[in-house]
Amino acid sequence: MNLVGTLNIQRGLQQRGIKSKDTYVIYEVCNLVLGAKILAGTPEFGAFAPCKIVLFETKGKLKLMTYLPTYALKYFPKNAEAQKVAQELDKQIIHIMKQAATGGF
């Protein structure tokens with residue numbers, strides 16, 4: 001799993017003169033090998049790629065949120081191979097989020 005992009009919403013708002021004190025960062029992550037396998041059979045999945053992990057602050061607490069690739073595939077025609085690969089991506093994303101939640105990064 002690779003970090004392919006970071007979008008710091010708070011900084012972007014501040015650069016435009018909009019007050020924002022709460023953290024809000026979107027991390028775009030991808031396992032290109034697995035992603036390519038899903039796209040080969042379900043090109044529509046590209047609307048959800050790369051996968052995103054959102055870090056945001058609410059009521060003084062930092063939270064992590066994502067959608068899992070298996071969830072995103074529910075919107076497209078059934079593809080058993082894509083589903084199998086998406087399950088592996090789910091595991092990788094959950095692992096990363098658990099590491100981040102415990103200070104592993």
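Counting from 1, the numbers follow the sequence of the chain as shown. Only heavy atoms go into these numbers, but all of them, side chains included; no hydrogens, no water, no symmetry mates.
- Looking at residues two or more places apart in sequence or on another chain, you find no side chain to side chain donor-acceptor pair (under 3.5 Å) involving Asn79.
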Using residues 81-92 as the side-chain source, report each donor-acceptor pair under 3.5 Å to any protein atom, sequence neighbours left out, with the distance given to one decimal.
unit_1	atom_1	unit_2	atom_2	d
Glu88	OE2	Gln92	NE2	3.3
Asp90	OD1	Thr70	N	3.3
Asp90	OD2	Thr70	OG1	2.4
Gln92	OE1	Asn31	ND2	3.2

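- Taken together through direct or relayed side-chain contacts under 4.5 Å among Ile, Leu, Val, Met, Phe, Trp and Tyr, Met97 and Leu3 form part of one hydrophobic cluster.
- With sequence neighbours left out, the side chain to side chain donor-acceptor pair (under 3.5 Å) criterion links Tyr67 to no other residue.
- Residues Ile96 and Leu7 are members of separate hydrophobic clusters, defined by side-chain heavy-atom contacts under 4.5 angstrom among Ile, Leu, Val, Met, Phe, Trp and Tyr.
- In this structure, Val4 shares a hydrophobic cluster with no other residue, the cluster being traced through Ile, Leu, Val, Met, Phe, Trp and Tyr side chains under 4.5 angstrom apart.
- Ile94 and Tyr27 fall within a single hydrophobic cluster, where Ile, Leu, Val, Met, Phe, Trp and Tyr side chains are chained together by heavy-atom contacts under 4.5 Å.
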Donor-acceptor pairs under 3.5 Å, side chain of residues 34-58 to any protein atom, not counting sequence neighbours: which ones?
unit_1	atom_1	unit_2	atom_2	d
Lys52	NZ	Pro50	O	2.8
Glu57	OE1	Thr23	N	3.3
Glu57	OE1	Thr23	OG1	3.4

> Taking it one step at a time, do Thr66 and Val29 satisfy side chain to side chain contact (heavy atoms under 4.5 Å, CB included)?
Replying inline: CA-CA 11 Å; Thr66 193; Val29 297; over 6 Å; no

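- Side-chain contact between Ile26 and Thr6 is absent, with no heavy atoms from C-beta onward closer than 4.5 Å.
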Would you tabulate the side-chain donor-acceptor contacts of residues 11-18 under 3.5 Å, counting partners in other chains and residues two or more places apart, or write 'none'?
unit_1	atom_1	unit_2	atom_2	d
Gln14	NE2	Ser20	O	2.7
Arg16	NH1	Gly12	O	2.8

